[in-house]
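First comes the structure, then the notes that go with it.
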Protein chains: 2
Amino acid sequence: MPNENLYPEHESLFNVFNSIYPLSDELKKAIVNESNIIHVEKKTQLLNAGETSNNIYFINKGAARVYYLDKEGAEITSWFLFENELLISVYSFFTGLPGFEYLETLENSTLIVLKREKLNKLYEKYLDFNFIGRKLTEFYYIRNEIQANELRVLTAKQRYQRLLTNNPKLLNRVSLGHIASYLGISQETLSRIRKQI
Amino acid sequence: MPNENLYPEHESLFNVFNSIYPLSDELKKAIVNESNIIHVEKKTQLLNAGETSNNIYFINKGAARVYYLDKEGAEITSWFLFENELLISVYSFFTGLPGFEYLETLENSTLIVLKREKLNKLYEKYLDFNFIGRKLTEFYYIRNEIQANELRVLTAKQRYQRLLTNNPKLLNRVSLGHIASYLGISQETLSRIRKQI
DNA sequence: TTGATTTTTTGACATTTGTCAAAAGTTGGG
DNA sequence: CCCAACTTTTGACAAATGTCAAAAAATCAA
């Protein structure tokens with residue numbers, strides 16, 4: 001497979017896509033041409049509330065979070081993303097409307113950036129790419145639904161324990177305050193839960 | 001448009017699809033050929049936990065819910081669906097694996113049923129149908145994310161008030177117990193909240 | 001290393017929500 | 001129309017979680 005390392009910066013992305021549906025060389029080339037690689041420092045705001053999410057990011061290296069402000073102005077983290085994951089503000093990116101979410105890197109990161117317009121052009125031109133887009137959307141949707149179910153049913157302690165067993169590496173890379181809001185509990189309660197375990 | 005009433009039982013479905021992306025006559029015909037119309041009584045179990053969600057349902061008339069059992073065996077409703085909406089067990093249908101969710105009608109209902117295999121065949125044969133599938137998945141995803149966010153941030157009372165303003169008709173069609181579990185609160189608490197308002 | 005900044009923990013107390021049991025109300029089939 | 005089954009409400013109390021303020025610990029840039 002001489003193609004494997006033709007686009008080293010896009011290797012991880014293509015691996016993700018290929019595991020869903022084989023990518024044609026033409027589509028690969030188009031993706032490489034339309035996207036950019038960027039290096040950003042930790043705490044970079046990739047999107048602010050009120051703006052429209054016009055970019056989709058693939059995390060080659062690093063970490064990021066999606067958050068928004070509640071009524072009192074406190075930051076609520078709704079999602080953490082790491083290597084080989086896609087980063088958008090779901091609402092704003094999918095609707096094309098200004099949204100309420102912020103996107104922020106948590107670590108110095110290497111990202112592949114693709115403009116929403118360009119992604120949509122790819123969807124129009126390469127119809128089988130919609131298959132990949134649909135599958136990825138389904139995949140993230142499932143994760144989101146699991147999260148909603150856990151918020152409904154589990155106690156604060158149980159939610160933390162789930163995170164601990166299902167995503168232990170996350171704890172080393174994300175601050176407690178962010179995790180607390182992600183789990184829908186106060187930082188103090190999470191601190192107390194941790195002591196018990 | 002002489003085609004408009006060619007398939008009266010599929011009119012609502014095609015309206016939904018057409019509002020996303022124009023449906024070719026050929027695709028319409030294929031959908032009609034591959035799907036069935038069924039009439040089911042209220043409280044019909046369309047899917048049980050442990051089974052694989054092999055059907056997608058479009059609700060022409062009626063109502064349904066998605067639910068699962070928590071550790072104590074109590075029913076937790078995770079979703080209500082009404083006319084012009086699609087009904088699946090997200091996890092099981094998307095992965096093709098046996099799931100944990102039940103699908104149940106809440107009213108006597110008229111449904112369009114399409115087997116997952118047949119849907120996938122349609123996706124393969126009519127690639128632009130993936131565009132519609134992707135958009136619909138995105139749409140339901142957004143709804144799910146809003147729900148997760150509200151479960152994280154809002155108090156029980158606020159979640160009920162949101163439901164009241166955003167979905168008032170739902171209250172006339174769904175029992176309080178189901179709504180309580182959907183909002184992640186006990187039935188007694190919901191009853192007390194209602195009295196306050 | 002050090003001092004400033006940020007993050008985490010702790011304590012005391014308030015509030016929200018849950019649980020269990022029973023009563024009241026509602027619904028639908030015979 | 002009435003009874004049985006189901007749904008909703010109420011009361012008393014327990015448990016979970018939040019809030020505010022302050023202390024302790026960790027982090028990081030100079």
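Just so it is clear: chains get the letters A, B, ... in the order the sequence lines come, proteins before strands, and each one is counted from 1.
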Using whole Å, what does the distance between atom P of nucleotide D:dT27 and atom CG of A:Leu176 come to?
12 Å
Does the side chain of B:Lys42 get closer than 4.0 angstrom to OP1 or OP2 of C:dT27 through an N or O atom?
no
Expressed as a whole number of angstroms, how long is the span from B:Glu75:CD to D:dT7:P?
9 Å
Distance, rounded to the nearest Å, where A:Asn108 contributes CG and D:dA29 contributes C1'
14 Å
Classify A:Ile185 by what it touches in the nucleic acid, base, sugar-phosphate, or nothing, heavy-atom distance under 4.0 Å.
sugar-phosphate
So, are B:Lys135 and B:Glu138 salt-bridged, with charged N and O less than 4.0 Å apart?
yes
Applying the side chain to side chain donor-acceptor pair (under 3.5 Å) test to A:Asn55, which of A:Lys115, A:Arg116, A:Lys118 qualifies?
A:Lys115
Of the listed nucleotides C:dT17, C:dT8, D:dT8, the one nearest the side chain of B:Ser175
D:dT8
Whole-Å distance, A:Gln187 CD to D:dT17 C1', equals 15 Å
Is the Lys NZ or Arg CZ of A:Arg134 less than 6.0 Å from the centre of B:Tyr123's six-membered ring, within 45° of the axis?
yes
Nucleotide of C:dT17, D:dT8, C:dT9 approaching B:Ala156 most closely (side-chain heavy atoms)
C:dT17
Which nucleotide, D:dT7, D:dT8, C:dG18, lies nearest any side-chain atom of B:Thr189?
C:dG18
So does A:Arg65 pair up with A:Glu75, basic N to acidic O under 4.0 Å?
yes
Can you tell me the distance, in whole Å, between the CG atom of B:Leu183 and the P atom of C:dG18?
11 Å
Output the single nucleotide from D:dC28, D:dA21, D:dT8 whose closest atom is nearest the side chain of A:Glu188.
D:dA21
Within the structure, does a side-chain N or O atom of B:Arg194 lie under 4.0 Å from either OP1 or OP2 of D:dT8?
no
Specify the separation, in whole Å, of atom CG of B:Leu154 and atom C1' of C:dT16.
14 Å
To the nearest Å, give me how far apart CD (B:Gln196) and P (D:dT10) are.
11 Å
B:Glu41 atom CD, neighbour heavy-atom count above 12 within 6.0 Å
no
Give a yes/no answer on whether the side chain of A:Lys195 brings an N or O atom under 4.0 Å of OP1 or OP2 in C:dT10.
yes
Please give, in whole Å, the distance from C:dT9 C1' to A:Tyr160 OH?
13 Å
To the side chain of A:Lys43, which of C:dG18, D:dT10, C:dT7 is closest?
C:dT7
I'd like to know if B:Arg192 reaches the base of C:dG18 with its side chain, counting only an N/O donor and acceptor under 3.5 Å.
no
